[in-house]
Amino acid sequence: MTQNPYVIDQMISAKAIAARVEALAREITAHFRGTDKLVVVGLLRGSFVFIADLVRELDLPVEVDFLEASSYGDATHSSREVRILKDLRGEIAGRDVLVVEDIVDTGFTLSHVLHLLRARGPKRLEVCALLDKPSRREVDIRATWTGFEIPDEFVVGYGIDFAQRNRNLPYIGKVRFLA
Ligand code: 5GP
Ligand code: MG
């Protein structure tokens, strides 16, 4: 696939991300203290780096599961249609659940996923999102914990892609087109 040339300007350094992940993990650990086991649900694919770092900072018994919902395809425009491409492997009824998302943008994806998971009767259901773009919100929803609020820019890195590229950048950067 051909791609217009672009550069990536660093927005959030790897060091700043690591510090924030540690702080988020401390709050999440305190919130769920005493749980028999926390089911950490990563929304594929963008959250895979974040969830890997986050679970290693949680001082709790955890189980990791994944859910894949599609809203973007390969374009930079959100669609209101959310499809579940891969469901959880485990049961969440009566369990403590933490959904881990990369970015809350319009809010359609998160609202759809929470509706789906809530219907399964978890004991507690909370959300930790790495990034939030509040100015883009169309659905009244917010994560329990947010890493960073960012402006309306298209970002990549730390697990987040542009047409399946740049997920392996250790920092978060914004895409700037040259042509
Ligand atoms: P929403 O349903 O809230 O509009 O979209 C959420 C999803 O859109 C995120 O989980 C993420 O996959 C994708 N998304 C939103 N903003 C960006 C962005 O700046 N860069 C990339 N690569 N994906 C984004
Ligand atoms: Mg996503």
Side-chain angles (χ1 to χ4, degrees), residues 1-14 16-17 20-21 24 28 39-55 64-88 97-119 125-179:
M1 180 184 148
T2 55
Q3 190 73 70
N4 292 331
Y6 64 95
V7 292
I8 298 165
D9 300 325
Q10 181 173 298
M11 187 186 239
I12 308 170
S13 71
I17 296 170
R20 189 70 189 117
V21 168
L24 289 168
I28 294 166
V39 186
V40 183
V41 173
L43 300 193
L44 292 171
R45 281 172 271 181
S47 73
F48 82 105
V49 174
F50 181 39
I51 194 174
D53 282 346
L54 188 67
V55 292
V64 175
D65 206 339
F66 293 98
L67 185 82
E68 185 169 11
S70 81
S71 62
Y72 256 62
D74 276 351
T76 56
H77 294 101
S78 190
S79 95
R80 276 137 212 271
E81 196 200 329
V82 179
R83 284 183 305 143
I84 300 300
L85 303 178
K86 183 212 167 293
D87 204 343
L88 298 178
V97 179
L98 176 71
V99 173
V100 176
E101 172 64 307
D102 55 357
I103 309 177
V104 184
D105 189 47
T106 62
F108 282 107
T109 306
L110 189 58
S111 119
H112 184 90
V113 166
L114 289 181
H115 189 256
L116 177 90
L117 297 183
R118 207 168 278 127
L125 180 61
E126 307 293 347
V127 179
C128 181
L130 178 66
L131 304 174
D132 189 359
K133 295 183 188 172
S135 67
R136 295 258 311 156
R137 198 73 90 256
E138 290 179 43
V139 180
D140 184 21
I141 196 164
R142 55 170 307 177
T144 322
W145 297 280
T146 296
F148 302 90
E149 285 196 1
I150 60 169
D152 182 12
E153 302 278 1
F154 191 79
V155 297
V156 293
Y158 196 68
I160 302 163
D161 74 302
F162 178 30
Q164 300 310 323
R165 298 186 62 165
N166 310 121
R167 290 192 196 273
N168 57 331
L169 283 177
Y171 55 87
I172 305 277
K174 58 179 178 188
V175 169
R176 181 162 50 89
F177 289 98
L178 299 173

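Whatever order the structure lists them in is the order used to number ligands and atoms, beginning at 1.
- With Tyr158 as reference, Asp53 is the one residue of Asp102, Leu131, Asp53, Leu169 to meet the side chain to side chain contact (heavy atoms under 4.5 Å, CB included) rule.
- Here the side chain of Ser13 pairs a donor or acceptor atom with the backbone of Ala16 at under 3.5 angstrom.
- Taking a cut-off of under 4.0 Å to the non-hydrogen atoms of Lys133, the atoms of ligand 1 that pass are 16 (N), 17 (C), 18 (C), 19 (O).
- Once rounded to the nearest 0.5 Å, the distance linking OG1 of Thr144 with CG of Leu98 reads 7.5 Å.
- No more than 12 heavy atoms of other residues, nucleotides or ligands lie within 6.0 Å of CZ in Arg142, so this atom counts as exposed by the packing criterion.
- Separation of atoms CD (Glu101) and CG (Leu114) is listed at 9.5 Å; rounding is to 0.5 Å.
- Which parts of ligand 1 touch Thr109 is read off a 4.0 Å heavy-atom cut-off, strictly below it: atoms 1 (P), 2 (O), 5 (O), 6 (C).
- The distance from atom CZ of Phe108 to atom CD of Glu138, rounded to the nearest 0.5 Å, is 4.5 Å.
- Look at Gly46 and you'll find every heavy atom at least 4.0 Å from all atoms of ligand 1.
- When each atom of ligand 1 is checked for a heavy atom of Asp161 under 4.0 Å away, the hits are 21 (C), 22 (N).
- The two residues Gly173 and Ile8 make their nearest non-hydrogen contact at CA-CG2, 3.7 Å.
- In Val155, the parts holding a heavy atom less than 4.0 Å from any atom of ligand 1 are both the side chain and the backbone.
- Within ligand 1, counting atoms from 1 as listed, the ones closer than 4.0 Å to a heavy atom of Phe108 are 2 (O), 3 (O).
- Atoms of ligand 1 lying under 4.0 Å from any heavy atom of Glu101, numbered from 1 in the order shown and given with element: 10 (O).
- Using a cut-off of 4.0 Å between Lys/Arg side-chain N and Asp/Glu carboxylate O, Asp161 and Arg167 are scored as salt-bridged.
- Inclusion of Phe154 in the set of residues having an N or O under 3.5 Å from an N or O of ligand 1 is not warranted.
- The distance criterion of under 3.5 Å between nitrogen or oxygen atoms is not met by Val104 with respect to ligand 1.
- Here the side chain of Lys133 pairs no donor or acceptor atom with the backbone of Ile103 at under 3.5 angstrom.
- At a 4.0 Å cut-off, not a single heavy atom of His112 sits close enough to ligand 1 to count as contact.
- Only side-chain heavy atoms of Asp102 come within less than 4.0 Å of ligand 1; its backbone N, CA, C and O stay farther off.
- For ligand 1, the atoms sitting less than 4.0 Å from at least one non-hydrogen atom of Thr106 are 1 (P), 2 (O), 3 (O), 4 (O), numbered in the order shown with element in parentheses.
- Atom numbering of ligand 1 starts at 1 in the shown order; those under 4.0 Å from a heavy atom of Glu153 are 19 (O).
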